[in-house]
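See structure below.
Only a predicted model underlies this, so the values are computations on that prediction, with no experimental measurement involved. Numbers here simply count residues along the sequence, with the first being 1.
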Amino acid sequence: MVYYTFTTKEEGRADLSPLKEEPMGKKKIINIAVIAHVDAGKSTLVDAFLQQSGVFRENEEVIDCVMDSDDIERERGITIYSKNCSVMYKDYKINIVDTPGHADFSSEVERIMKTVDTVILLVDSSEGPMPQTRFVLQKSLEQGVNPILLINKIDKRDSRIDEVVDMVYELFMDLGASDRQLDFPILYGIAKRGIIVKDPEEEGVNIAPLLETIVEHVEVYPDRDEEPLQLQISSLSYDDYIGRLGIGRVTRGVVREAQQIVVVRGDGTEDKRKINQVFNYIGMKRTAVAQAESGEIVLVSGIADISIGDTICDTSHPEQLEEITIEAPTMSMNFMVNNSPFAGKSGKYVTSRHIRERLDKETEVNVGLIVEEIEGATDSFKVSGRGELHLSILIENMRREGYELAVSKPEVIMYRDKKGKLLEPVERAIISLPDEYSGTAISKLNVRKGVMQEMFSENGFTRMEYLVPTRGLLGFRTEFINDTHGEGILVRRFESFEPHAGEIPGRTNGVIIAQEAGVSTPYALNTIGERSQLFINPGTPVYEGMIIGMNSRNDDMVVNPSRMKKQTNMRAAGSDDNVRLAPPKLMSLEEALEFIADDELVEVVPDDIRLRKKQLKELDRRRNR
């Protein structure tokens, strides 16, 4: 095995040079997770680990956020799925887990904490701790790990390092951290440049100080190879060739390929099975190995029905580990077969069987998702998840894979307590916006049953903290962006289930509905656009019941967007000039889901996103009304 160490070149950049070949022996293993709020620099820090550890060839082209391998992750600049990699530092193998920062993917973070020895908590030097920072830190403190604090982006012009450190200390105390957990090491860095220092006044050259701190601060996993095997599955993956893969840390013993084992389920039942292959991570690559020792994060294949929380044990010592609990979903949508007049024109997978198979495949790895049959409906499924983004990412992936479907308005999932009292999810929203727009935001949040927790103003910006029912935040983001002219920042995360807050007003505007099938014309849209906000361009195919715009009034209006100008032999100067239309609002998937009402659907196909009424014919809608 080749080990690496950090040296410094004359020009001041980090270099990893291979040392001598060492004899094979028990590796010193440390597992760490990088946790933070969205956009604090987690994936960028993992990039620095990989780039400075010799994982890439000298002539290899390396992209930013290399761990964000999914197309949607790259487009949106967020981490959706937790991912593993490893680096060697001296004689230590450091397994690194890059975790999602968005609250909708919190089920990924919850499970990862079971497999790591410490966490690196990233906090922006300007923003300080954010809502999701609190959540991920709380989960790590509950597992008893001793975090390392990294104040990132210290090169920001508005950085306030000392104040942010004080805020983090307050957060630790609020979460009930132990004395040992409060004695956390503090580092400072610019992850984008691959620089970490122990003092913000220092001139850094690489991330060696962070690796040194990890080695000094964290005890290596103890050697428990001689004990009976015990491995709990904390995450799942799927391979088209070898099927479902269980991912977890070997708590004790050694796991080997072709080994006979016992799987102890969450309910205590036991199944005798056989492991086919064992994998671990070397750099970014999943590599098959003959065996893996205690402390190692591994992937095992061959157990088709393996699930989160299952414990893989030695056949002679079946001993279950503590069950992994996943927080309940907060939102649901109905996924239906697309039955519009344009159904089947662009998608490859259009039947209920196709949709069901795809949803079942998603639940193989996405444990925060629940799929249920809808009683009395053979072409619809109720899909529940952790939030709008969680569900919309699934819909967007299905669309790109060639699926056609229609989805209903998101609905908040409510529960009843032991006394029969109705409870609903409440979210904590942190808002930063220019002072002149604060009145509008306060007014709208109050109408949506929000309760202000904190408010202060500095440097022309107001910062507010609200507790708002999830129902009240549906559709609010688009309004907020418009009201603040794009200058406002809204961050939200699930807080708790609270008593039902009462009725919350929904969308106040009606919609513009196409009267018949055809192709929209500039002439017709010009007239319609005088009293509405259009959602389509001229030349767009439409069908009866399709929504083509938002009415300026609160009632729905049925129009003919395909109407042509009558031709005559008479011509007047200027009457035949080109029609000039205001640009339409082309909705993204999230905006469409926020916009629709209870009697409307979003039609999702590979090449388009359309809005429509559930009942396409006007006569049917009148009867229902």
For the residue pair Val262 and Thr315, what are the closest heavy atoms and their distance?
-> CG2-CA, 3.7 Å
Sidechain N-carboxylate O distance under 4.0 Å for Arg492, Glu388 = yes
What pairs with Glu498 under salt bridge (Lys or Arg N to Asp or Glu O under 4.0 Å), at least two apart in sequence or on another chain?
-> none
Would you mind checking if Arg252 and Glu319 are paired as a salt bridge, meaning a charged N to carboxylate O distance below 4.0 Å?
-> yes
Looking only at side chains, do Thr470 and Glu427 share a donor and an acceptor under 3.5 Å apart?
-> yes
Do the non-hydrogen side-chain atoms of Val46 and Cys85 ever get within less than 4.5 Å of each other?
-> yes
Side-chain ion pair, Glu362 and Arg358, N-O less than 4.0 Å = yes
Just wondering, do Tyr89 and Leu210 contact through their side chains at under 4.5 Å, heavy atoms?
-> no
For atom CD of Glu216, decide whether the heavy atoms of other residues, nucleotides or ligands shown that lie under 6.0 angstrom number more than 12.
-> yes
Does the gap between the ring centers of Tyr349 and Tyr403 come in under 6.0 Å?
-> yes
So, do Ile275 and Ile312 sit near enough that their side-chain heavy atoms are less than 4.5 Å apart?
-> yes
Going through the checks in order, is the side-chain contact (heavy atoms from CB on, under 4.5 Å) test met by Asp417 and Phe497?
-> CA-CA 10 Å; Asp417 62 13; Phe497 281 93; over 6 Å; no
Side chain to side chain, Asn280 and Lys93, heavy atoms closer than 4.5 Å = yes
Closest heavy-atom contact between Asn146 and Thr118?
-> O-OG1, 2.6 Å
Spell out, as yes or no, whether a donor-acceptor pair under 3.5 Å connects the side chain of Glu227 to the backbone of Gly253.
-> no
Are side-chain N/O atoms of Glu590 and Ser392 paired as donor and acceptor at under 3.5 Å?
-> yes
Any salt bridge (Lys or Arg N to Asp or Glu O under 4.0 Å) involving residues 301-318? Give me the pairs, sequence neighbours left out, ordered by first then second residue.
-> Arg265-Asp305, Arg265-Asp310, Arg273-Asp305
For Leu245 and Arg286, run side-chain contact (heavy atoms from CB on, under 4.5 Å): C-alpha distance rounded to whole Å, both residues' side-chain angles, the deciding distance at 0.1 Å, then the answer.
-> CA-CA 12 Å; Leu245 298 167; Arg286 188 181 76 199; 3.3 Å; yes
Are Ile214 and Ile32 close enough that some pair of their side-chain heavy atoms sits under 4.5 Å apart?
-> yes
Evaluation steps, side-chain contact (heavy atoms from CB on, under 4.5 Å), between Thr213 and Leu187 | CA-CA 9 Å; Thr213 302; Leu187 297 166; 3.7 Å; yes
Check whether any side-chain heavy atom of Val337 lies under 4.5 Å from a side-chain heavy atom of His354, and answer yes or no.
-> no
Work out which heavy atom in Val604 is nearest to a heavy atom in Leu589; give both atom names and the distance.
-> CG2-CD1, 4.0 Å
Name the one of Val255, Asp225, Ile297 that satisfies side chain to side chain contact (heavy atoms under 4.5 Å, CB included) with Val250?
-> Val255
Working to the nearest 0.5 Å, report the span between CD1 of Ile196 and OH of Tyr188.
-> 12.0 Å
Rounded to the nearest 0.5 Å, how far apart are CG of Leu321 and OG1 of Thr251?
-> 5.0 Å
Got a second to check how far Ile233's CD1 is from Thr115's OG1, nearest 0.5 Å?
-> 11.0 Å
Minimum heavy-atom separation for Leu236 to Gly246, with atom names?
-> CD2-CA, 4.2 Å
Over all atoms of both residues, closest heavy-atom pair of Pro147 and Leu137 = CG-CD1, 4.1 Å
Value for CD (Glu357) from CG (Leu359), rounded to nearest 0.5 Å, stands at 10.5 Å
Would a distance-only check, ignoring hydrogens and angles, find a side-chain to backbone donor-acceptor pair under 3.5 Å from Gln181 to Val145?
-> yes
May I ask you to test the Glu219-Asp117 pair for a side-chain heavy-atom distance under 4.5 Å?
-> no
Flag yes if more than 12 heavy atoms outside Glu322 fall under 6.0 Å of its CD atom; otherwise flag no.
-> no
Could you state the interatomic distance from CD (Gln277) to CD (Glu257), rounded to the nearest 0.5 Å?
-> 7.0 Å
Run the side-chain contact (heavy atoms from CB on, under 4.5 Å) check on Asn338 and Val350 step by step: do they pass?
-> CA-CA 7 Å; Asn338 181 23; Val350 297; over 6 Å; no
Mark yes or no for whether Arg249, through its side chain, and Gly295, through its backbone, hold a donor-acceptor pair below 3.5 Å.
-> no
Output yes when Lys90 and Glu212 qualify as a salt bridge under the 4.0 Å nitrogen-oxygen rule, no when they do not.
-> yes
Is the closest basic N to carboxylate O distance between Glu401 and Lys348 below 4.0 Å?
-> no
Nearest heavy-atom approach of Ala48 to Ala191 is CB-O, 4.2 Å
Look up atom NZ in Lys285 and atom OG in Ser86, then write down how far apart they are to the nearest 0.5 Å.
-> 12.0 Å
Is there a donor-acceptor pair under 3.5 Å between the side chain of Ser332 and the backbone N or O of Lys382?
-> no
Check: Tyr281 and Ile96 side chains under 4.5 Å, non-hydrogen atoms | no
